[in-house]
Student: 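Structure below; questions to follow.
As the structure is a prediction and not an experimental result, all values here were calculated from the model.
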Amino acid sequence: MTRSTEAVLDVRNLSKTFGGLRAVDKVSFTVAKGELLALIGPNGAGKTTCFNMLMGQLKRTSGEVLFEGRDIANLPTRAIWRKGIGRTFQITATYPSMTVIENVQMALMSYHRRIYSLLPFATRLYRKEAMALLELVGMPEQADRHCAILAYGDLKRLELAIALSHDPALLLMDEPTAGMAPTERIKLMQLTADIVREKNISVLFTEHDMDVVFTHAHRVMVLNRGELIANGSVTDVRNDPKVQEVYLGGGTLFAEEAAGEHA
Amino acid sequence: MELIFAQVLTGLANASTLFLVASGLSLIFGVTRIVNFAHGSFYMLGAFIGYSLMQFLPGMFGFWLSVLLAGLAVGLIGVIVEICVLRPVYKAPELFQLVATFGVILVIQDLALLTWGAEDLLGPRAPGLKGVVRILGEPIPQYDLAMIAITPMILLSLWYLITKTRVGVLVRAATQDREMVGALGVNQAWLFTGVFFLGSAMAGLGGAIQLPKGGADLLMDFNILAAIFVVVVIGGMGSLPGAYIAAVLISVLNVFGVAYLPESTLVLMFVVMAVVLMIRPYGLLGREEFAGEHGQVGEPERPIKPAGPQLRMFVAAMLVLLALVPVFGSNFHVVLTTDIIIFCLFAASLHFMLGLGGLVSFGHAAFFGGGAYVAALLVKFADTPMELALLLAPVGAGLAAFIIGWICMRLTGVYFAMLTLAFAQLLWSLVFQWGEVTGGDDGMVDIWPSPWLSDNTSYYYLTLIIGVGGILFLRHAAHSPFGYALRAARDSVKQAEATGIHTKQVQWLAFAFAGAMAGIAGGLFVFSKGSIFPTELEIGRSFDALIVVFLGGVKTLSGAVVGGASLEFIKDQLTRFEYWRLTLGVVIILVVILAPEGIVGTARKVSERFGWIRKSEDLQ
Ligand SMILES: Nc1ncnc2c1ncn2[C@@H]1O[C@H](COP(=O)(O)OP(=O)(O)O)[C@@H](O)[C@H]1O
Ligand SMILES: [Mg+2]
């Protein structure tokens, strides 16, 4: 693994309160270059809220978010995107009135600052680049299909292609495999791992499927009720009694998962 | 001091009618999410029916019984409208229903004309309340005092009904969360009908109760429409106390306006509304509203493609046909086609922002009329040649749209629509009341084209080139990156913002662009008629364009043009008959019910079903 120790993202004491609820509570972590980092935790732990703050879709209550050394927490989402962070959504967000490839072309037009031009035909712009991205996520044959009728798993892959269109240094993926069949999940995460290696980008992802997490993540963080309760290698986290308690009330699912993985 | 007190009382009395009618509208909107443009017509019917009843029912008892019966009768008419016209289209795109309610307005106008004639009816004085009372030395009509007393009682009973009864719980639940009603095991259809009854009855009551003050006439429907929308929006959609406060605010301000600043009366209401919405975007007592994706409900829109060879051939053939109109047609045909082309350009400009951007504007006429007035004023006061005036019309309209758009962009959905309506009305009242410059109601005349275009045929060719050019340019813009960004902002703000698209800015510029294109249409219009009147800025003109876009098909690129041409043509045919509004209204309602995807959308569906054109993958 060719991971350097240089941090792409440095999050310090990030917090968010909704009324009285501490959805994210003084969370600190870093993401290294080329790292595939998992953020896990039960439903409502604050993972999506965290992502929304990182991407500027939600204003932080306090804390700092340094991307490549600069605080980005006060920038609007689109400026954060331009600095080189991309994201996918837990509930997919695409443009249903367009074709698959046009969805990707839209992001490319935005990246090349062409969205205010009135003269060219949009469908002819950056088609090659868009096709390359669709090939990367393995759906070139679907390029000209209507986005509204895609299967859910394909929508997730399309979102990935869109998120990669500006060559981000950091990718945030919120439950990228939710709603997919098990074999599809493995394929998508394998794909993500390949992209991380090839492009040397960093990925922070949330995930419920422990198989996926333990097979692919370089490092795992556990969030519970807004607090980061563990942060370390797959083995460390798996054996952490605090984590076991949160996840299973001290049960044995991790062991089973682990057993299944080795089988 | 005494005078001020008396004026406040007059304002309060005027607020009664406004509140009664507006609260009905607010209820209907809150529960059914229908923007019921026909509400003003229900108010008018209340006045007429009340008037007729009072001819038969004498005395004080008869008077108040007539008021009540008028409310009841109008409530029943509301039920008929709901069941026959609206029920079939609840599933259609959210704002599609407003086209249906517009059809209802036309039908009711002619039915009222048929029944009560064209004469204004002087309302009877209320028996027992004919005198005046002196309060602090000022004469106050007794009837005013009665209305001031009655209104809070009605507000209280409504409030009791909504907050304390089971029906009220359902109504509130439906206002806040439509899915919940189904979960409560209530038949939603009958809840809607019930609310429609109540809301329409309030309008009828309002119409009858104001008889001693205002009488009954055929213009009442449109005259009150803007005011009640303003009241509902200022108060907050669905909030009854809000509607009362707003009605009082508007009425009292209006009384003072009339007394101290007569030029301001028409403008005042809209200024107040604009200010309130800028400070409290959801009205005084309204709650934040997550705007539905207006015009986008139902099947997702199909992807668009640049025109293929077949379509290009067809357009070319149409152009040749149009070019031949002066050769083979009469002067009448030339004038009619000129009108149609101009109207189609106007509608296409609205379609650009409405169809592609999901931005439903109720005030697009501001930029059509605005462009026309810019050109007319330039000719009148600066002796500008026609060619330059035509060029500056879109600049002026675009600039106005740029400024108005900047303010309106803070809101979404129905509130956005209302704010555009407010600004359009503002512009209209400015033109209407600033007589020295704009000619006011008398309009501006003698605005003719340059000599080389003075005959209808040459002007027709100019219109053909600019108008069709504009329409084709709008179509091309839909295929440009800007058009795509606009659709992206409509389809998913979340994704668009997360990929660097400044959605509000894109929408704002689209608003300005659409305004400028409407300005071109306005410029062409003024020189084709040689004159311009404030009617071109009216709500009715904005609605024309809206209706056309929905009739043609929001989700199709050619919808506006096909709808525009059809409507203008049908109108031309129908206006030869005496009761053309009735017929047109029925036609509109039928199209809405039978072809909810609009003419083009439905034609496409039918062709696909019969295999005339290739099915899209969606239908397989
Ligand atoms: N906009 C919001 N307003 C109020 N509470 C919210 C909001 N968004 C999330 N929450 C709350 O914050 C907590 C964390 O939610 P979320 O980040 O979505 O969790 P996760 O993604 O880990 O499942 C939950 O209790 C949720 O109810
Ligand atoms: Mg989540």
Student: Give a yes or no on this: more than 12 heavy atoms of other residues, nucleotides or ligands lie within 6.0 Å of atom NZ of A:Lys83.
Tutor: no

Student: If I take atom OG from residue B:Ser492 and atom CD1 from residue A:Ile162, how far apart are they, to the nearest 0.5 angstrom?
Tutor: 8.5 Å

Student: To check you understand the geometry: which heavy-atom pair defines the closest contact between B:His502 and A:Arg78, and what is its length?
Tutor: NE2-NH2, 3.0 Å

Student: Have B:Arg490 and A:Ser97 got a donor and an acceptor in their side chains that come within less than 3.5 Å?
Tutor: yes

Student: Using non-hydrogen atoms and a 4.5 Å limit, figure out which bit of A:Phe89 sits close to chain B: side chain, backbone, both or neither.
Tutor: side chain

Student: Can you list the residues of residues 117-135 of chain A that sit under 4.5 Å from chain B, counting heavy atoms only?
Tutor: A:Ser117, A:Leu118, A:Leu119, A:Pro120, A:Phe121, A:Ala122, A:Thr123, A:Leu125

Student: Take a 6.0 Å sphere around CZ of A:Arg113 and say whether it holds more than 12 heavy atoms from other residues, nucleotides or ligands.
Tutor: no

Student: Quick check against the 3.5 Å criterion: does B:Gln495 have a side-chain atom that pairs as donor or acceptor with the backbone of A:Ala93?
Tutor: yes

Student: For A:Met98, is it the side chain, the backbone, both or neither that has a heavy atom under 4.5 Å from a heavy atom of chain B?
Tutor: both

Student: Search all heavy atoms of B:Ala498 against all heavy atoms of A:Met55 and return the closest pair with its distance.
Tutor: O-CE, 3.9 Å

Student: Looking only at heavy atoms, what is the nearest atom pair of A:Thr77 and B:Glu497, with distance?
Tutor: CG2-O, 3.6 Å

Student: Mind checking the NZ-OG1 spacing from B:Lys305 to A:Thr99? Nearest 0.5 Å is all I need.
Tutor: 9.5 Å

Student: Surrounding NZ of A:Lys187 (heavy atoms of other residues, nucleotides or ligands, distance under 6.0 Å), is the total greater than 12?
Tutor: no

Student: Does atom CZ (A:Arg82) have a neighbourhood of more than 12 heavy atoms from anything else shown, all under 6.0 Å?
Tutor: yes

Student: If you compare all heavy atoms of B:Val506 against all heavy atoms of A:Tyr116, which two are closest, and at what distance to 0.1 Å?
Tutor: CG2-OH, 3.7 Å

Student: Verify, without hydrogens or angle tests, whether A:Ser110 (side chain) and B:Thr499 (backbone) share a donor-acceptor contact under 3.5 angstrom.
Tutor: yes

Student: Can you tell me if CD on A:Glu141 sees more than 12 non-hydrogen neighbours from other groups inside 6.0 Å?
Tutor: yes

Student: Please output the residues of residues 478-487 of chain B in contact with chain A, using a heavy-atom cutoff of under 4.5 Å, in numerical order.
Tutor: B:His479, B:Ser480, B:Pro481, B:Phe482, B:Tyr484, B:Ala485, B:Arg487

Student: Contact part of A:Gln105 toward chain B, heavy-atom cut-off under 4.5 Å: side chain, backbone, both or neither?
Tutor: neither

